[in-house]
2 protein chains.
Amino acid sequence: MEQAILEAAERLFLERGFALTSTTDIAREVGCNQSLLNYYFRSKERLFQMIFEDKVRVLLSSLKEPMDSNIPFLDKVRVLCEGHFDIVSRNPRVPLFLLHEIHTNLQRLESFKEIINGILGDISPLFEKELNREMQKGTIRETTFFDILMTMVSLNIGVFLFHPILEDVLVQHQIHVENMLRARRKENARILLVSLLP
Amino acid sequence: MEQAILEAAERLFLERGFALTSTTDIAREVGCNQSLLNYYFRSKERLFQMIFEDKVRVLLSSLKEPMDSNIPFLDKVRVLCEGHFDIVSRNPRVPLFLLHEIHTNLQRLESFKEIINGILGDISPLFEKELNREMQKGTIRETTFFDILMTMVSLNIGVFLFHPILEDVLVQHQIHVENMLRARRKENARILLVSLLP
DNA sequence: ATTATCTATAGATCTATAGATAATGC
DNA sequence: ATTATCTATAGATCTATAGATAATGC
């Protein structure tokens, strides 16, 4: 039951957000009593926090691996970007969910930052070291880790943020969603890479 | 009063979204009675719709002008992109607001599409004609209006979506928000342009 | 007279808790 | 005995409406 509640809560919170999801809705989805949520999770807010923090971790998990490998810097950037796209692709509702919940309740930014700092703290120095080396060699233009990350994340979450709006356009132009996504995955990485060239 | 209600509603809806804003909140903000909202706007939903549709129009308004001028195609793209950034910059909460309200209530997609089609219907053929000409000349690579738009909007709304998250990073690195925004405005247009080169 | 504003309230939620009952593990 | 589940409900919203009063325009 505890697990079933978590899963139903995840589905509903991701779909409608905290405010529009009532504990009664979740209980109905699970097929149990509303008061059972409080038995296991103490309050709606705490149940929500578990989902929220889990999703933050999931979304950031993609950033870690590529930095450890031994390939050239620009290849790392490509792997990083495509890996990030894949994670977002498997969790298409998560970016908008996190952004909205942070904007409407800045308290949540705290736990978000804790998690993100834990992960970026590891990667950032490694990445910046390599980045500086390349910039000195002149193989890439003057930039920062911050800028690269911003470009990458903006491009990669774009398609998923616009998904409901795009659906219409795609049908109209007879484009298959999967084809478009595959193309965008490559295109985003390509854009990120050319944006780095001098 | 009617105007005051609209303004307060706009502020609160943009800040917290439909679900977290009560008509009582709006009335308190205005300093009037809660039932007055129903007198002027019939229901919370209808009041919301006025704001929502207005914001859709505002956000799309930036797309129109540059297409009419007589400058080279790539310059048009730059002007389009920087103009779009400026509009978003003046309405930093609007993108997330619209995206969230559409996702949580797909009904709203209908009025959104009507407005967007009205505006894109004008621009799209003009843009595509010039685009095709350039592609044939070989001055830009094979692409579509759809892809260019997606890249542009993704990049331009990024900074504003991440704003609360970034604030911390900026303070830490002693970067002024305005400087960062100015840099991003130029950088986004630059990225969009290099992404189009063969 | 008409329009604008207020008071009061019905009816529908929604969350959390108290306390009862059922199921499980020793 | 302990843990899991349910019933019932208090107390806090929240939206929309009915009907009273105040302000305005002719």
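Quick note: numbers below take in every heavy atom, side chains included, and nothing from hydrogens, waters or symmetry partners. Throughout, a chain's letter reflects where its sequence line sits, starting with A, and its residues are numbered from 1. Every value quoted in this text rests on a predicted model; they were computed, and no experiment measured them.
Applying the salt bridge (Lys or Arg N to Asp or Glu O under 4.0 Å) criterion to A:D122, with sequence neighbours excluded, gives A:K64. The salt bridge (Lys or Arg N to Asp or Glu O under 4.0 Å) check on B:R185 picks up B:E82, B:D86, with sequence neighbours excluded. The salt bridge (Lys or Arg N to Asp or Glu O under 4.0 Å) check on B:R108 picks up B:E45, B:E101, with sequence neighbours excluded.
Between B:T23 and D:dT15 there is a side-chain polar atom (N or O) within less than 4.0 angstrom of OP1 or OP2.
Atoms CZ and CG, from A:F18 and A:L12 in turn, are 13.0 Å apart once rounded to the nearest 0.5 Å. Within the model, atoms CG of B:L74 and CD of B:E130 stand 10.5 Å from one another, a figure rounded to the nearest 0.5 Å.
Whole-Å rounding puts the A:E45 CD to C:dA16 P distance at 9 Å. Atom CD1 of A:I5 and atom C1' of C:dA16 are 15 Å apart (whole Å). One atom, CZ of A:F41, and another, P of C:dT15, lie 15 Å apart when rounded to the nearest Å. The separation between B:D25 atom CG and D:dT15 atom C1' is 13 Å, rounded to whole Å. Atom CG in B:N38 sits roughly 11 Å away from atom C1' in D:dC14 (whole-Å rounding).
Checked against a 6.0 Å centroid threshold, the rings of A:F127 and A:F73 count as neighbours.
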Under the 3.5 Å Watson-Crick or G-U criterion, the dot-bracket string of DNA chain C, with | for inter-strand pairs: ||||||||||||||||||||||||..

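A heavy-atom distance below 4.0 Å to DNA chain C is reached by none of the residues of residues 13-22 of chain B.
Using a 4.0 Å cut-off between charged side-chain N and carboxylate O, B:E134 and B:K137 make a salt bridge. Looking at B:E187 and B:R190, a side-chain N of the basic residue comes within less than 4.0 Å of a carboxylate O on the acidic one, giving a salt bridge. A salt bridge links B:R28 and B:D25; the closest N-O separation between the charged side-chain nitrogens and carboxylate oxygens is under 4.0 Å.
For the pair A:K55 and A:F97, the cation-pi test (distance below 6.0 Å, angle within 45°) is failed.
Note on ring orientation: taking the six-membered ring where Trp is involved, the planes of A:F13 and A:F48 are perpendicular (angle over 60°, cut-offs 30° and 60°).
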Produce the list of close N/O pairs, under 3.5 Å, pairing protein atoms with atoms of nucleotides 1-6 of chain D; give distances to one decimal.
from, atom 1, to, atom 2, distance (Å)
D:dA4, OP2, A:Y39, OH, 2.8
D:dT5, OP2, A:Y40, OH, 2.5
D:dC6, OP2, A:N33, N, 2.9

